[in-house]
Amino acid sequence: MRRAHRLPRAGTFPTLPRLMSEQVRVRFAPSPTGYLHVGGARTALFNWLYARHTGGKFILRIEDTDAARNTEAAMQAIYDGLRWLGLDWDEGPLVGGDFGPYFQSQRNAIYESYIAKLRAGGHLYEDGGALRFRSLRKVQTVDDMVCGKIPFDLSNAETHPDMTIRRPDGSWIFHFVNVVDDIEMKITHVIRGEDHLSNTPKHLELFEALGATPPRYAHIPLIMNKDGTKMSKRDQGAAVGGYIEGGYVPEAVRNFLCLLGWSPKDDREIMPISEVVERFDPANINRKAAHFDLEKCDWINQQYILQMPLEKLAEQVEPWLTKAGINFDTRANILPVLTLVRERLKKLSDAPAWMDYFFTEDFPFDAEAVAKVLAKPGALDHLRALAAAYAGLAAAYAGLGKWTAAALETSLKSQATLAGVKVGEFVHPARIGATGRSVGASLYHTLEVLGRERVLARFDRALAKLSATK
RNA sequence: GACCCUAUCGUCCAGUGGCCUAGGACAUCGCCCUUUCACGGCGAGAACACGGGUUCGAAUCCCGUUAGGGUCGCCA
């Protein structure tokens, strides 16, 4: 029944005549709650994408009519989250603009003037000290870019009571200030969560009573937990701050969010944001609520780590190494190590665990690995033989740059042949001797990066330590 | 309760009447590569919620049921 009333979605709004001469102005209007929810972040992202796609403006407006929530820290979480995701705003807090102030708490005079307008039009009445808007009592049709045309019958006062727009203490209610600000800030398109869809007919009444043309609306589906339950603050992946602290690459999270409810229609997934900006079309936004899959986000994150230019990766990994107390001295030192271990990193925060033993000689030996490998008969002898061979290798080619992965491999393999054992009998003891653990990047490359002196010293140290305990 | 939105693999998406014995990705499982862990490659299992229509033909259109979500605040 609903579908019969819907207009085709594709291409409906960009061709509207009024938009041809009008620059797109969209806004993200969060209320400061102390954190930025992924759903909010995606709403901001879609607005930003639309602004960038059309060459319009992306505006940030803080809906802080609730004084109790209006704290600097809560505001900061919004700024930090948006900036981290690379969603720069053209007008709003910190950057200004021609339609400010961009905090509702500072727009009292404007709201008063609109109250006067409504009062003059006979649209208001008082009820227990509060101000109520007298509904127009007719059908309001929401023409939504995502959901199509939806008529709402507001004629029944029982089911649709007049909305309150101002409390007895003079503070404002969301519906009213939201509409006033959208008029004042010349907002052309409102892209917001689907939870506002049922509020929209009320907003339309306000626009009508104020004699203003409403913006175009696009209500995007909500984001739920993977199991379909509602996502709340504490849930995994709910807060943008969690990604910042969790070692995610901002571009990866943004890429993931782009794909939650929107699709380029051709199976492309890892996409540079410039391509998304180019191809983004609100008409292609899905109508079904998306369930949040953090594992897929992790995979995308890994893809970004894999594909990022090495220098850039180093830059992003650095703070994590510092935080873990790893003394890498200069960024140049971490580049060769990163080359070896990057395909093992799912998150930036994994870096210290894979890299620490490259930057200290005082690394621990993994007890389990030692018990499993070096305790085996002959293991220490193999290591001893290898140490001797490598020392010889080093001496033979001293200073000639022959301490290479290839040379080390050849040498190790011939030692294994000499001893009449499988290559692994040398490889595993060598890895533990040089790194203290049983897992890691390619052994020969690891040894190459470590360098002759350190490898030989480490073998000696391992031999001394493990022979003693034996 | 009323009104509104939604319904394809466990999850994200593709599919807009015939190209669908339903495609891709994550996850899962198997094999290959390999000194380990990964990366990578190959392969497998896995879905059109249900019931009625319309039509020569329906995942696609219509109706209903069921399920999920949203709104109905002097929250935003």
Side-chain angles (χ1 to χ4, degrees), chain A residues 1-4 8-10 29-33 63-66 68-69 104 127-132 142 144 146-148 150-154 156 158-161 163-169 171-175 177-178 192-202 219 221-222 224-230 256 259-270 286-300 302-303 306 340-346 354 369 373 409 412-413 416 422-432 435 437-444:
Chain A
M1 153 177 64
R2 198 49 54 250
R3 285 187 178 122
R9 288 188 294 154
S31 93
T33 56
E63 307 220 329
D64 56 350
T65 55
D66 184 345
R69 291 181 179 178
Q104 289 187 331
D127 176 17
L131 271 187
R132 282 179 179 272
V142 178
D144 194 89
V146 174
C147 301
I150 308 158
F152 288 87
D153 185 356
L154 304 187
N156 186 346
E158 294 285 305
T159 53
H160 296 90
M163 68 179 135
T164 304
I165 63 173
R166 190 176 202 178
R167 300 186 192 89
D169 69 359
S171 60
W172 309 100
I173 302 296
F174 157 76
H175 303 291
V177 290
N178 184 270
R192 56 171 27 162
E194 197 195 74
D195 49 334
H196 287 298
L197 184 56
S198 301
N199 290 148
T200 306
K202 288 193 268 187
H219 287 94
L222 272 14
M224 319 291 292
N225 286 318
K226 189 170 180 181
D227 63 6
T229 56
K230 284 208 294 182
F256 174 66
L259 264 18
L260 222 49
W262 176 81
S263 138
K265 304 284 184 195
D266 62 359
D267 293 340
R268 292 261 294 134
E269 293 199 310
I270 309 296
N286 227 287
R287 287 151 74 156
K288 186 178 71 169
H291 292 191
F292 191 85
D293 187 359
L294 196 61
E295 282 180 323
K296 179 120 187 195
C297 185
D298 286 353
W299 177 78
I300 291 179
Q302 188 178 25
Q303 295 304 305
L306 234 31
L340 285 183
V341 305
R342 63 154 34 167
E343 71 239 38
R344 264 150 270 259
L345 308 181
K346 262 190 145 54
W354 290 104
V373 175
E409 178 171 0
L412 182 144
K413 283 182 173 165
K422 286 196 275 190
V423 178
E425 299 295 317
F426 273 76
V427 166
H428 298 300
R431 177 186 297 287
I432 295 171
T435 72
R437 58 193 81 175
S438 58
V439 296
S442 157
L443 173 67
Y444 312 116

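Lettering follows sequence order; numbering is per chain, from 1.
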Considering only distance and modelled atom types, tabulate donor-acceptor pairs under 3.5 Å from the side chains of residues 288-295 of chain A, sequence neighbours left out.
{"unit_1": "A/His291", "atom_1": "ND1", "unit_2": "A/Lys226", "atom_2": "O", "d": "3.4"}
{"unit_1": "A/Asp293", "atom_1": "OD1", "unit_2": "A/Glu295", "atom_2": "N", "d": "3.2"}

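Distances were taken from every side-chain heavy atom of A/Leu222 (C-beta onward) to each of B/rC13, B/rU6, B/rG70; the shortest belongs to B/rG70. The side chain of A/Pro161 lies closest to B/rG73, out of B/rC4, B/rG15, B/rG73. Distance from the side chain of A/Ser263 is smallest for B/rC13 among the nucleotides B/rC74, B/rA2, B/rC13. For A/Phe174, whose side chain is taken as the heavy atoms from C-beta onward, the closest listed nucleotide among B/rA76, B/rC13, B/rC4 is B/rA76.
Going from the C1' atom of B/rA14 to that of B/rA22 covers 10 Å, rounded to whole Å. Only the C1' atoms considered, B/rU21 is 14 Å distant from B/rC48, to the nearest whole Å. Using P as the reference atom, B/rU71 and B/rG24 are 38 Å apart when rounded to the nearest Å. Here, B/rC56 and B/rG40 have their C1' atoms 49 Å apart, quoted to the whole Å. Distance check on atom C1': B/rG15 versus B/rA47 gives 13 Å, rounded to whole Å. Rounded to whole Å, the C1' atom of B/rC74 lies 39 Å from the corresponding atom of B/rU65. Spacing of C1' atoms, B/rC42 relative to B/rG53, comes out at 46 Å, to the nearest Å. For the C1' atoms, the distance linking B/rG18 with B/rC61 amounts to 15 Å, nearest Å.
Nucleotide B/rU54: unpaired (no Watson-Crick or G-U wobble partner with both distances less than 3.5 Å). The nucleotide B/rA59 finds no pairing partner, because no Watson-Crick or G-U wobble arrangement with both distances shorter than 3.5 Å includes it. Across all strands shown, B/rG70 is found opposite B/rC3 as a Watson-Crick or G-U wobble partner, with both distances under 3.5 Å. Of all nucleotides present, only B/rG41 satisfies the Watson-Crick or G-U wobble test against B/rC31, with each distance under 3.5 Å. Taking a pair to require two hydrogen-bonding distances under 3.5 Å in either a Watson-Crick or a G-U wobble arrangement, B/rC75 remains unpaired. With both pairing distances under 3.5 Å, B/rA14 is matched to nothing as a Watson-Crick or G-U wobble pair. Within the shown strands, B/rU65 is the pairing partner of B/rA49 under the Watson-Crick or G-U definition, both distances less than 3.5 Å. Nucleotide B/rC9 is matched to nothing when pairs are restricted to Watson-Crick or G-U wobble geometry with both distances under 3.5 angstrom.
The CZ atom of A/Phe292 sits 15 Å away from the P atom of B/rA27 (whole-angstrom rounding). Between the P atom of B/rA49 and the NZ atom of A/Lys288 lies a distance of 10 Å, rounded to the nearest Å. The distance between atom CG of A/Asp266 and atom C1' of B/rG24, rounded to the nearest whole Å, is 10 Å. When rounded to the nearest whole Å, the span between NE2 of A/His196 and P of B/rC75 equals 15 Å. Rounded to whole Å, atom P of B/rG10 lies 13 Å from atom NE2 of A/His291. Here the P atom of nucleotide B/rA76 and the CD atom of A/Glu63 are 9 Å apart, to the nearest Å. In this entry the distance linking CD1 of A/Ile173 with P of B/rG73 reads 12 Å, nearest Å. One atom, CG of A/Asp195, and another, C1' of B/rG69, lie 10 Å apart when rounded to the nearest Å.
For A/Ser198 against B/rG70, a side-chain-to-base donor-acceptor contact under 3.5 Å is present. A donor-acceptor contact under 3.5 Å is not formed by the side chain of A/Asn286 with the base of B/rA14. No N or O donor and acceptor, one from the side chain of A/Lys296 and one from the base of B/rA27, sit under 3.5 Å apart.
Proximity of A/Arg167 to the phosphate of B/rC75: a side-chain N or O atom is located under 4.0 Å from OP1 or OP2. Checking the phosphate oxygens (OP1, OP2) of B/rG24, no side-chain nitrogen or oxygen of A/Lys265 falls inside 4.0 Å.
Note on A/Gly261: only backbone sugar-phosphate atoms sit closer than 4.0 angstrom, heavy atoms only; bases stay farther off. Among the atoms of the strands shown, none is found under 4.0 Å from any heavy atom of A/Lys422. Across all strands shown, A/His175 has heavy atoms under 4.0 Å from base atoms, whether or not it also approaches the sugar-phosphate. At the heavy-atom level, A/Asp127 lies under 4.0 Å from base atoms of the strands shown.
Partners of A/His196 by ring-ring contact (aromatic ring centres under 6.0 Å, His included), not counting sequence neighbours, listed by chain and number: A/Phe174. Partners of A/Arg166 according to the salt bridge (Lys or Arg N to Asp or Glu O under 4.0 Å) rule, which considers only residues two or more places apart in sequence or in another chain, are A/Glu112. Qualifying ring-ring contact (aromatic ring centres under 6.0 Å, His included) partners for A/Trp172, counting only residues two or more places apart in sequence or in other chains: A/Tyr111, A/Phe176. Scored by the salt bridge (Lys or Arg N to Asp or Glu O under 4.0 Å) test, A/Glu194 finds no partners at all (sequence neighbours excluded).
The two residues A/Pro201 and A/Phe152 make their nearest non-hydrogen contact at CG-CG, 3.5 Å. Between A/Ser442 and A/Arg431, the closest heavy-atom pair is C-NH2, 4.3 Å.
When each of A/Phe152 and A/Met163 is assigned the nucleotide of RNA chain B bearing its nearest heavy atom, the one mapping closer to the 5' terminus is A/Phe152.
Side-chain atoms of A/Lys296 and A/Glu269, non-hydrogen and from C-beta on, do get closer than 4.5 Å to each other.
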Practice item. Would you give a per-nucleotide map of nucleotides 31-41 of chain B, 5' to 3', where B means the base has a protein non-hydrogen atom under 4.0 Å away, S means only the sugar-phosphate does, and - means neither? Key: ----BBBBSS-
Practice item. Take A/Arg437 and A/Ile432 through the test side-chain contact (heavy atoms from CB on, under 4.5 Å) and record every step on the way to the result. Key: CA-CA 5 Å; A/Arg437 58 193 81 175; A/Ile432 295 171; over 6 Å; no
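Here A/Asp127 pairs with A/Arg132 in a salt bridge; the nearest charged N to carboxylate O distance falls below 4.0 Å.
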